[in-house]
Amino acid sequence: MELIKNNIHMNVIKKNLVTTFYVNHEAMVNEAHPEIKQIISKQERVIADNVSIRNSQVIIDGTFSYQILYYSDDSEMAYGLEGESGFQEMIKVPDIEEADGTVRLEVISASVQLVNPRNYIYKIQVMAYITIEQIEDLECAKAIAQDGVMVLGKSIDTLLAVDDKTETFRVSEQIAVPAGKPAIDKIVWKDVRIKNINTRVLERQIEIQGTLSVFMIYIADVENSPEQWIETTVGFSGVIEMEEAGEGQISYVDAKLHTVNLMPAADQNYETKSVELSALLRLNIKLYEESEIETIEDVYANDRKLIPKIEEKSYNRLLVKNQARTKNTIKIEVEPENGHILQLCNGNAHLKIENIIAGDNCVKIMGKLNAQIIYISSDDKNPIQSKNQEVSFEHKIDAENISSQDKYYIDWRTEEVSANMVNTSQVEIKAVIAMEVLAFRAEKGNFITEIGEEPQDMEELSRIPLVRGYIVQSGDTLWQLAKKNHTTIDEIMRINELKENHIRKGDKLLIVKSCQ
C-alpha cells in the first residue's frame with residue numbers, strides 16, 4: 001500500500017559533555033627582544049580549528065596563542081612578545097562511533113615558568129564544552145494514496161532543522177591615534193574583545209551588528225617618551241547570506257573572535273598615527289522552524305484487513321529558548337609594594353564556566369568571573385602594572401520543565417565592562433554577563449511505517465450484527481465504534497443526525513454495519 005509521507009529533518013544532540021585537558025608550550029625569547037625579568041601581564045586564547053568524531057573519540061585540532069607584557073633588566077620600558085602553538089587532543093566518548101560535533105574551548109588557568117631569562121614554559125588548563133550532534137531524518141506517514149481506507153490522523157509539534165553552518169565575518173577598521181598622543185613605533189600589547197553583538201534572521205540572510213572593545217599599549221616614535229595606550233570601541237554591521245534563512249525562524253548563533261590583528265599605519269603625513277584593525281569572527285549558525293506535522297495514528301478498511309507496522313521513534317520538540325543578563329561587580333585591591341594607582345589604563349572581565357547543570361526548571365551555570373586591570377603606578381622604575389581578581393559566579397537561566405536528560409546549546413559572554421577608580425588603591429569593575437540557552441526534548445511517538453493487507457475474515461465479519469443499538473461508555477470514540485463495527489464515522493453521524501464527532505457517556509447510538 002502506497003503511503004504519502006512527511007519528512008522531519010532534525011539536528012539531534014546526542015550528548016553534552018564538559019571536560020578539561022592541558023597544553024604545554026616551551027619557547028624562547030628571540031634575539032630581537034630583551035630578556036624577561038618581570039612579567040606584567042599575559043593573555044591566552046585557544047581555538048578549535050577542526051573537530052572530528054570517530055571510534056568513540058572526539059579529536060580536537062586547535063591553536064594556542066598568547067602574548068606576554070614584561071619588563072627587562074636593560075630598560076624601564078615595557079616589552080611585548082607573542083607566540084602560538086598547534087595541539088591535538090583526543091577525548092574518549094563511549095558509545096559514539098561517528099557523528100558531528102562542535103567544541104568551545106576556554107582557558108581556565110595559565111602559568112608561565114621561567115627556565116631562565118630567555119626560556120619559558122607556558123602551561124594552560126583548557127575546558128572543552130563539547131556538543132555531539134547528528135543530522136537525522138524521520139519519515140512518517142501522513143496519508144494513504146488509496147480509496148476505501150479510513151485514516152485516523154494526529155498532529156505533533158516538532159522542531160525542524162533548517163540550516164546549520166559555520167560562516168565568517170570580517171571587521172576592518174582604521175583607528176586614529178587620539179590628538180595629543182605621539183605616533184606609534186611598536187605595539188607591545190593588544191586586547192580586542194566583543195563588547196556586544198546582536199543577530200537577526202531575515203529573508204535569505206542573517207543581519208549582524210555589534211561593537212568591539214580595543215585596547216593597546218605602544219612604544220612611541222619619540223625618544224624617551226613613556227609608554228602610551230589607546231582605548232576605544234569599533235562598531236560593525238553587515239549581513240551573511242543564507243539561502244534557507246527566513247523571518248520567524250528560531251536561531252542560535254555562537255559568535256567568537258577567531259583572529260585579531262593590529263598594525264600601525266601611516267597617515268597622509270607619513271606618520272604612524274593610525275592603526276589598522278583586522279578581526280575575523282567565526283559564527284556557528286543554526287536555524288530551526290517549529291512545525292505541526294500531520295501523521296497517521298490508525299487505519300482500517302471495511303473490505304479487507306489492514307496490518308499496520310508501527311515503530312517507536314524520537315523527534316525533537318523545542319523546550320525553551322531564553323536569554324538572561326546579570327550585572328556583576330568586582331573590587332580589585334592593588335598591593336602597596338607595587339605603588340599606588342596614578343591612572344587607570346584598562347579594565348576587562350571574562351567568565352570561566354566550570355559546570356553546567358540542567359534541571360529544576362533552570363539551567364545553572366557555575367564558575368569564576370575573572371577581572372583584570374592595567375594601570376600606571378607610582379613606581380617610577382616599573383610604572384605599568386596589572387592586577388587580577390577572581391570571584392565565584394553562579395547564575396540560573398529559566399527553563400521551565402527542563403530535566404537532566406534534555407539536550408541544549410548554551411552560550412555566554414561578558415558585555416559592557418567598565419572600570420572606575422574608587423581610590424588610589426582600589427578599582428571597581430562592572431560587567432554584564434549575557435547568557436543564552438536553546439533546549440530540546442526528545443519526544444517518543446509511535447509511527448506507522450508500512451501497511452500490509454490480508455483478505456477480510458468473513459467468519460469474524462458475520463459475527464458483527466447488521467444493526468445494533470449502543471449506549472456510549474466512558475472512553476469511547478466514534479473512531480473505535482466505527483472500526484469495531486465495520487462502518488465509518490460519517491455513516492454513524494448521518495444515521496444518528498450528529499452535528500459533531502464528539503460523543504458523551506450515556507449517548508444512545510444506532511450503528512449499521514457498512515459491509516455484509
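For clarity, every value in this text was computed on a predicted model and none was experimentally measured. Residue numbers start at 1 and run along the sequence shown.
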Atom [atom1] of [X] and atom [atom2] of [Y]: how far apart are they, to the nearest 0.5 Å?
{"X": "Gln146", "Y": "Glu453", "atom1": "CD", "atom2": "CD", "value": "5.0 Å"}
{"X": "Phe440", "Y": "Leu438", "atom1": "CZ", "atom2": "CG", "value": "4.0 Å"}
{"X": "Ile156", "Y": "Ile293", "atom1": "CD1", "atom2": "CD1", "value": "6.5 Å"}
{"X": "Arg204", "Y": "Glu243", "atom1": "CZ", "atom2": "CD", "value": "4.5 Å"}
{"X": "Glu139", "Y": "His9", "atom1": "CD", "atom2": "NE2", "value": "12.5 Å"}
{"X": "Asn501", "Y": "Leu498", "atom1": "CG", "atom2": "CG", "value": "9.0 Å"}

[X] side chain vs [Y] backbone, donor-acceptor pair below 3.5 Å:
{"X": "Glu443", "Y": "Asp157", "answer": "no"}
{"X": "Asn355", "Y": "Met366", "answer": "no"}
{"X": "Asp137", "Y": "Asn7", "answer": "no"}
{"X": "Asn316", "Y": "Asn11", "answer": "yes"}
{"X": "Thr211", "Y": "Lys195", "answer": "no"}
{"X": "Lys407", "Y": "Gln405", "answer": "yes"}
{"X": "Asp476", "Y": "Val472", "answer": "no"}
{"X": "Gln473", "Y": "Ile471", "answer": "yes"}
{"X": "Asp303", "Y": "Ala301", "answer": "no"}
{"X": "Tyr288", "Y": "Leu318", "answer": "no"}

side-chain contact (heavy atoms from CB on, under 4.5 Å) between Arg325 and Glu416, worked out: CA-CA 11 Å; Arg325 280 174 168 78; Glu416 308 299 338; over 6 Å; no
Should the heavy atoms of other residues, nucleotides or ligands under 6.0 Å from [atom1] of [X] be counted, would the total exceed 12?
{"X": "Arg54", "atom1": "CZ", "value": "no"}
{"X": "Glu203", "atom1": "CD", "value": "yes"}
{"X": "Lys305", "atom1": "NZ", "value": "no"}
{"X": "Lys15", "atom1": "NZ", "value": "yes"}
{"X": "Lys5", "atom1": "NZ", "value": "yes"}

Side-chain contact, heavy-atom cut-off 4.5 Å: [X] with [Y]?
{"X": "Thr19", "Y": "Ile130", "answer": "yes"}
{"X": "Ile451", "Y": "Ile307", "answer": "no"}
{"X": "Leu3", "Y": "Ile144", "answer": "yes"}
{"X": "Asn361", "Y": "Asn401", "answer": "yes"}
{"X": "Arg304", "Y": "Val149", "answer": "yes"}
{"X": "Val253", "Y": "Asn284", "answer": "no"}
{"X": "Ile448", "Y": "Glu297", "answer": "no"}
{"X": "Thr477", "Y": "Ile503", "answer": "no"}

Can you check whether [X] and [Y] have ring centres sitting under 6.0 Å from each other?
{"X": "His25", "Y": "Tyr66", "result": "yes"}
{"X": "Tyr409", "Y": "Tyr129", "result": "no"}
{"X": "Tyr300", "Y": "Trp479", "result": "yes"}

Stepwise salt bridge (Lys or Arg N to Asp or Glu O under 4.0 Å) test for Lys352 and Glu390: CA-CA 10 Å; Lys352 299 177 179 180; Glu390 201 168 72; 2.9 Å; yes
Verdict with supporting geometry, Tyr122 and Phe64, ring-ring contact (aromatic ring centres under 6.0 Å, His included): CA-CA 10 Å; Tyr122 220 124; Phe64 159 53; 5.3 Å; yes
Is the shortest distance from a Lys or Arg side-chain nitrogen in [X] or [Y] to a carboxylate oxygen in the other one below 4.0 Å?
{"X": "Arg463", "Y": "Glu460", "answer": "no"}
{"X": "Lys321", "Y": "Glu436", "answer": "yes"}
{"X": "Lys142", "Y": "Glu294", "answer": "no"}
{"X": "Lys331", "Y": "Glu333", "answer": "no"}
{"X": "Asp254", "Y": "Arg282", "answer": "no"}
{"X": "Asp411", "Y": "Arg413", "answer": "yes"}

With Ile464 via side-chain contact (heavy atoms from CB on, under 4.5 Å) - residues at least two apart: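 Ile464 satisfies side-chain contact (heavy atoms from CB on, under 4.5 Å) with Asn485, His486, Lys513 only.
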Residue list, side-chain contact (heavy atoms from CB on, under 4.5 Å) with Lys165, at least two apart or on another chain: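 Once residues adjacent in sequence are excluded, the partners of Lys165 under the side-chain contact (heavy atoms from CB on, under 4.5 Å) criterion are Asp163, Glu167, Met242.
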Residue among Gln209, Glu207, Gln205 satisfying side-chain hydrogen bond (donor to acceptor under 3.5 Å, both in side chains) with Arg200: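 By the side-chain hydrogen bond (donor to acceptor under 3.5 Å, both in side chains) criterion, Arg200 pairs with just one of Gln209, Glu207, Gln205: Glu207.
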Residues Glu84 and Ser65: side-chain donor-acceptor under 3.5 angstrom: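 Result is no, nothing qualifies.
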Val126/Tyr22 under side-chain contact (heavy atoms from CB on, under 4.5 Å): CA gap, chis, key distance, verdict: CA-CA 6 Å; Val126 180; Tyr22 295 85; over 6 Å; no
Name of the residue among Asn261, Thr232, Leu262 meeting side-chain contact (heavy atoms from CB on, under 4.5 Å) with Leu277: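 Single pass found, and it is Leu262.
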Trace of the side-chain hydrogen bond (donor to acceptor under 3.5 Å, both in side chains) decision for Asp191 with Asn348: CA-CA 9 Å; Asp191 189 356; Asn348 62 61; 3.0 Å; yes
Trace of the side-chain contact (heavy atoms from CB on, under 4.5 Å) decision for Thr414 with Ile433: CA-CA 5 Å; Thr414 54; Ile433 308 302; 3.5 Å; yes
Residues Val391, Lys368; criterion side-chain contact (heavy atoms from CB on, under 4.5 Å); working and verdict: CA-CA 6 Å; Val391 297; Lys368 299 287 194 302; over 6 Å; no
Closest heavy-atom pair and its distance - Val201, Gln249: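 Taking every non-hydrogen atom into account, CG1-OE1, 3.9 Å.
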Criterion salt bridge (Lys or Arg N to Asp or Glu O under 4.0 Å) on Glu133 and Lys286, from CA distance to verdict: CA-CA 12 Å; Glu133 55 197 353; Lys286 300 180 186 295; 3.1 Å; yes
Listed partners of Glu106 passing salt bridge (Lys or Arg N to Asp or Glu O under 4.0 Å), at least two apart: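 Here the qualifying residues are Arg104.
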